[in-house]
Amino acid sequence: MTELNFEHRQAGHCESGVTSNLLNYHKLSLSEPMAFGIGAGLFFSYLPFLKMQHAPVTSFRVWPGMVFSRTTKVLGIKTHIYRFSNPKASMDKLDEVLAQGFPVGLQVGTFHLPFFPPEYRMHYNMHNMVVYGKTDDSYLISDTVMERKVRISYEDLVRVRFAKGAFAPRGRMYYPYSFPSSFDLKQAIIKGIRKTAGNMVGVPFPLIGTKGIRYLAKQMRQWPEKLGEEKASYYLGQVLRMEEEVGTAGAGFRFIYGTFLDEAGTFLKQDWIKEVAVEMGHNANYWRQFSYLGSRNCKKRSGPGQSFDELADMLMECADREEKIFRNLVKIR
Amino acid sequence: MSDEENKELIYRNNRELHYGFDPEKGYVARVDYQYHGNQTIIQQGWDAAEDRLKEVAVKISAGKLSPLAWHMEKNLMELPMLSAYTGIMKWRIKRHLKPGIFKKLKPGLLGRYGSVFNITIEELKNPPIN
């Protein structure tokens, strides 16, 4: 029986929360928004050729695993990241690392996650949680979605670690093990902001960043005519689910990113960043407004709600606002 | 969240951390249920899944699909995912979706499907439709 003295803290997004909590265990205090911003977690991409749950994929975040690896790398923290093809080997390794006294981050699928609220149990393979101990019959889990610490059996843990489908975790486990005596948080923040700004306005590809938001808006205008009302509203719902569901901390990570900018401005003593943070806050509220009005179109057996044209106009407005914000942020030194 | 909005909540299983921005107070974080707009879109996802399940049930009763189709839909799985879980090739699973071929399947193969769906062979053959 092992039980590490791990502090469970809820978070808006699983991966930045896990990163922040793992570092916190090793006495390195970094807030969740900081971990998210330094790890350059914010993103936008619209991938109409890729279908998930019968609708095109819209993503408001970077590839799974990036936040943890970028944040630790830029701070000079050494980490181990493993993937496995053999479930037994993955569980043995987990036991070994726990016995050495390290809490471990795991990528898991949520469909078979027994402690998860039933309404979230979809085939979503990019969830992250921490194992911080083990008893005779179960593993001790800190999951940033949940209000309290939870437990999971050996069999269930194998099942979620080897969930199949898009972004299959393949037993992925990770943990930091060695920390530098000092690190340059200032540079880490600046690098993180530049990376995100570059992703949002500097990629010459129409489906990525602010261009991607505009592309989605254009497509959205055509949905009712091309797909019919019912399918159009389902496609819209999919966009909103990716934007607002658990794990985004609201408005497609825009609230958490704004919180990061606010903290960054304070830390760097650069007031203009705090002003940009306020703009980001208004922008996030506007995204929230978009999802709120959009969700009325997704209610079963309700009359016609907001027209798709009006919603697309709102998206265009979001793109304009973010273009301005990130063109500004790209200049950070 | 106002009391009026709270009344409409569909899901009250777990509170999460939400970040927000108040034009007066700046950035705020609070722990609460998802607000009702979000709950609506989560429900839409499940309603759509339920509708698909009903459609499949009708096709099974009409003899157009095998019971396997029902369990796939129930578990929100499409061909590539079921193939990855069972290790059975996609074209074989497609054949097993035909009622006539499904009826003749050997217990070994049925067991492989059953273990992925976490049900017995008996349950696999008799999904609770009607």
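Quick note on labels: first sequence line is chain A, next is B, and so on, each numbered from 1. All values derive from a computational prediction rather than experimental measurement.
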Under a 4.5 Å heavy-atom cutoff, which of [options] has the most pairs with chain B?
options                                : answer
A/Ala55, A/Pro33, A/Ala284             : A/Pro33
A/Ala168, A/Gly258, A/Gly237           : A/Gly258
A/Met146, A/His112, A/Met280           : A/Met146
A/Ala277, A/Ser295, A/Gly281, A/Pro118 : A/Gly281
A/His54, A/Met122, A/Arg159, A/Glu230  : A/His54
A/Gly294, A/Ser233, A/Ala166, A/Ala251 : A/Ser233

Of the backbone (N, CA, C, O) and the side chain (C-beta and beyond), which part of A/Arg9 lies under 4.5 Å from a heavy atom of chain B, both, or neither?
neither

Turns out that what part of A/Ala163 lies under 4.5 Å from chain B's heavy atoms comes down to both

Is chain A contacted by the side chain of [X], its backbone, both, or neither, given a heavy-atom distance below 4.5 Å?
X       : value
B/Phe21 : both
B/Glu78 : side chain
B/Val31 : side chain
B/Asn14 : both

Option in B/Asn13, B/Asp22, B/Ile10 with maximal non-hydrogen atom pairs under 4.5 Å from chain A:
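Greatest number of close heavy-atom pairs with chain A: B/Asn13.
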
Counting heavy-atom pairs closer than 4.5 Å to chain A, which one of B/His18, B/Arg15, B/Met77, B/Gln43 comes out on top?
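Max contact count across the listed options: B/Arg15.
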
Donor on one side chain, acceptor on other, B/Asn126 and B/Glu122, under 3.5 Å
yes

So, B/Glu16 versus B/Gln34: side-chain donor-acceptor pair below 3.5 Å or not?
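Note: B/Glu16 and B/Gln34 side chains meet the donor-acceptor criterion.
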
Whether A/Phe36 and A/Tyr257 hold their rings parallel, tilted or perpendicular, with breakpoints at 30° and 60°
perpendicular

Should the pair A/Trp287 and A/Phe290 be assigned to parallel (<30°), tilted (30 to 60°) or perpendicular (>60°) ring geometry?
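Ring orientation, 0 to 90° scale: perpendicular.
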
Mark yes when over 12 heavy atoms from residues, nucleotides or ligands other than B/Lys64 sit less than 6.0 Å from its NZ; otherwise mark no.
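No, NZ of B/Lys64 has 12 or fewer neighbouring heavy atoms, counting only those of other groups under 6.0 Å.
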
Closest heavy-atom contact between A/Phe260 and A/Ile193?
CE2-CG1, 3.6 Å

If I compare all heavy atoms of A/Arg241 with all of A/Tyr234, which pair ends up nearest, and what's the gap?
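Closest approach of A/Arg241 to A/Tyr234, heavy atoms only: NH2-CE1, 3.5 Å.
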
Between A/Phe116 and A/His127, ring centroids under 6.0 Å:
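For A/Phe116 and A/His127, the ring centres are under 6.0 Å apart.
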
Is it the case that the ring center of A/Phe253 lies less than 6.0 angstrom away from the ring center of A/His13?
yes

